[in-house]
Visitor: 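Encoded as structure tokens, here's the structure I'll be asking about.
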Amino acid sequence: MPGKIWFVGAGPGDPDLITVKGRKLLEAAGAVLFTGSLVDQAANLYTPPDCEIRDSKDMTLEEMTDWLLDAAHRHATVVRLQTGDPGLYGALIEMTRPLTAAGVDWAVVPGVSSAMASMAAARETLTLPEVTQTVILTRVAGRTPMPPGEELEALAAHKTTLCIYLSITLLHKVQEALLAAGWPGTAPMLVVQKASWPGEEKVVRGTLADIKQKCQAGKIGSQAMIVASPTLGAADWPDLVRSKLYDPVFGHRFRKAILAPENPA
Ligand code: SAH
């Protein structure tokens, strides 16, 4: 029986942000294939000394498949370690179909995605009551075209939180799309490079109009998350609508209401 191949989310960069399950799998791994520069630390920190470790940055899909299948015929536990969560821009299905076809079992361990890590780095929130309750994780078209209806201008029209991956070199396209969707030039924007990387994280705040210049000034050219959200800066707003969950007026399954509502419906 061949071993099992685990697609493990390494998290956004800080090796402490891998899940306990992911770390246990690395500790048990006979072989690890990791993606590029972002997750080498976790691969090296947690694996046993005799573990085979390979960077996949110069490999084609076919080469990765061959490597993983060969490793699975020699080891009970094989890990494919990916940045953030394996299901986001991670080529997961392309990689797993040949494994299924070869009769090798596989499973996914989710990871902390860089959108969450970027908001944490900036001490911002993805959702806020009565401001936005929706998050869109997207990108702009590069070599990979956007499917019809998913152009950034169309998504931005919802005026929800937008976490834009893989697009820092196309920041001008993000600006054009948001302006075309009716966001004002004064709308707050956030760019976080290497969120959670010890000593390397950079947080850039600006507006839709000036975020590109600020990123150029800060030399942010790669590994960055772009966030546009009506929630940005909320920690400093004078007025805030409270969450019903912690409001003394509202009871729920675990807590009785303490106060009577002022204007009962
Ligand atoms: N699966 C990954 C995304 C891979 S696509 C995840 O869930 O996070 C690569 C893109 O992710 C980069 O272009 C960048 O937009 C973003 N990214 C990955 N790590 C990041 C980090 N530490 N800080 C900011 N953005 C990051």
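Note that the structure is a prediction, hence the values are computed from the model and not measured. Indexing begins at 1, ligand by ligand and atom by atom, following the structure's order.
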Visitor: If the threshold is 4.0 Å, N to carboxylate O, is there a salt bridge linking Lys194 and Glu201?
Guide: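 No, no charged N to carboxylate O under 4.0 Å.
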
Visitor: Rounded to the nearest 0.5 Å, how far does CD of Gln82 lie from CZ of Phe34?
Guide: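 It is 12.5 Å, given to the nearest 0.5 Å.
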
Visitor: Looking only at distances, please establish whether an N/O atom of ligand 1 is found under 3.5 Å from an N/O atom of Gly84.
Guide: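 In this structure, Gly84 places no N or O atom under 3.5 Å from an N or O of ligand 1.
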
Visitor: Determine whether Leu162 and Leu190 fall in the same hydrophobic cluster, where Ile, Leu, Val, Met, Phe, Trp and Tyr are linked whenever their side-chain heavy atoms lie under 4.5 Å apart.
Guide: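 No, Leu162 and Leu190 fall in different hydrophobic clusters.
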
Visitor: Looking at Pro2 and Gly103, what are the two nearest heavy atoms and their distance?
Guide: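 In terms of heavy atoms, the two residues are closest at CG-O, 4.2 Å.
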
Visitor: Name the orientation class of the two ring planes belonging to Tyr89 and Tyr165 (parallel below 30°, tilted from 30 to 60°, perpendicular beyond 60°).
Guide: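 Tilted, since the angle between the ring planes falls between 30° and 60°.
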
Visitor: Check whether any N or O atom of Gly13, backbone or side chain, sits under 3.5 Å from an N or O atom of ligand 1, and answer yes or no.
Guide: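 Between Gly13 and ligand 1, no N or O pair is found under 3.5 Å apart.
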
Visitor: List every atom of ligand 1 that sits less than 4.0 Å from any heavy atom of Val192, numbering the atoms from 1 in the order shown and giving each element.
Guide: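 By the 4.0 Å cutoff, the relevant atoms are 24 (C).
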
Visitor: Say whether Ser118, considering both its backbone and side-chain N or O atoms, lies within less than 3.5 Å of an N or O atom on ligand 1.
Guide: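 No, Ser118 has no N/O under 3.5 Å of an N/O on ligand 1.
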
Visitor: Please evaluate residues Glu153 and Lys173 with respect to the criterion salt bridge (charged side-chain N to carboxylate O under 4.0 Å, His left out), reporting the C-alpha separation (whole Å), side-chain torsions for both, the decisive distance (0.1 Å), and the verdict.
Guide: CA-CA 10 Å; Glu153 182 180 337; Lys173 282 201 190 177; over 6 Å; no

Visitor: Checking the N or O distance criterion of under 3.5 Å, is ligand 1 in contact with Ala195?
Guide: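 Yes - when backbone and side-chain N and O of Ala195 are compared with those of ligand 1, one distance drops under 3.5 Å.
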
Visitor: Check each atom of ligand 1 against the heavy atoms of Thr83 and keep those under 4.0 Å away; list them by number with element.
Guide: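 Those of ligand 1 that fall under 4.0 Å from Thr83 are 1 (N), 2 (C), 4 (C), 6 (C).
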
Visitor: Is Pro86 in polar range of ligand 1, meaning some N or O pair under 3.5 Å apart?
Guide: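 There is no such contact.
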
Visitor: Between Met225 and ligand 1, which residue portion shows a heavy-atom distance shorter than 4.0 Å: side chain, backbone, both, or neither?
Guide: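 The answer is both.
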
Visitor: Show the atoms of ligand 1 that are less than 4.0 angstrom away from any heavy atom in Trp197.
Guide: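 Result: 22 (N).
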
Visitor: Taking only distance into account, with no hydrogens and no angle test, what donor-acceptor pairs under 3.5 Å do side-chain atoms of residues 132-148 form with protein atoms, sequence neighbours excluded?
Guide:
| unit_1 | atom_1 | unit_2 | atom_2 | d |
| --- | --- | --- | --- | --- |
| Thr132 | OG1 | Thr134 | N | 3.3 |
| Thr132 | OG1 | Thr134 | O | 3.3 |
| Gln133 | NE2 | Leu128 | O | 3.0 |

Visitor: Considering Ser113, Ala117, Ser222 one by one, which has a heavy atom nearer to atom 6 (C) of ligand 1 than any of the others?
Guide: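 Going through Ser113, Ala117, Ser222 one by one, Ser113 has the nearest heavy atom to atom 6 (C) of ligand 1.
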
Visitor: When rounded to the nearest 0.5 angstrom, what is the spacing between CE in Met189 and OG in Ser229?
Guide: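 That separation rounds to 10.5 Å.
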
Visitor: For ligand 1, is any non-hydrogen atom under 4.0 Å from Gln223's backbone (N, CA, C, O), its side chain (CB onward), both, or neither?
Guide: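 Within the 4.0 Å criterion, Gln223 contacts ligand 1 through backbone atoms alone.
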
Visitor: Report yes if some N/O of Ile164 lies less than 3.5 Å from some N/O of ligand 1; otherwise report no.
Guide: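 In this structure, Ile164 places no N or O atom under 3.5 Å from an N or O of ligand 1.
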
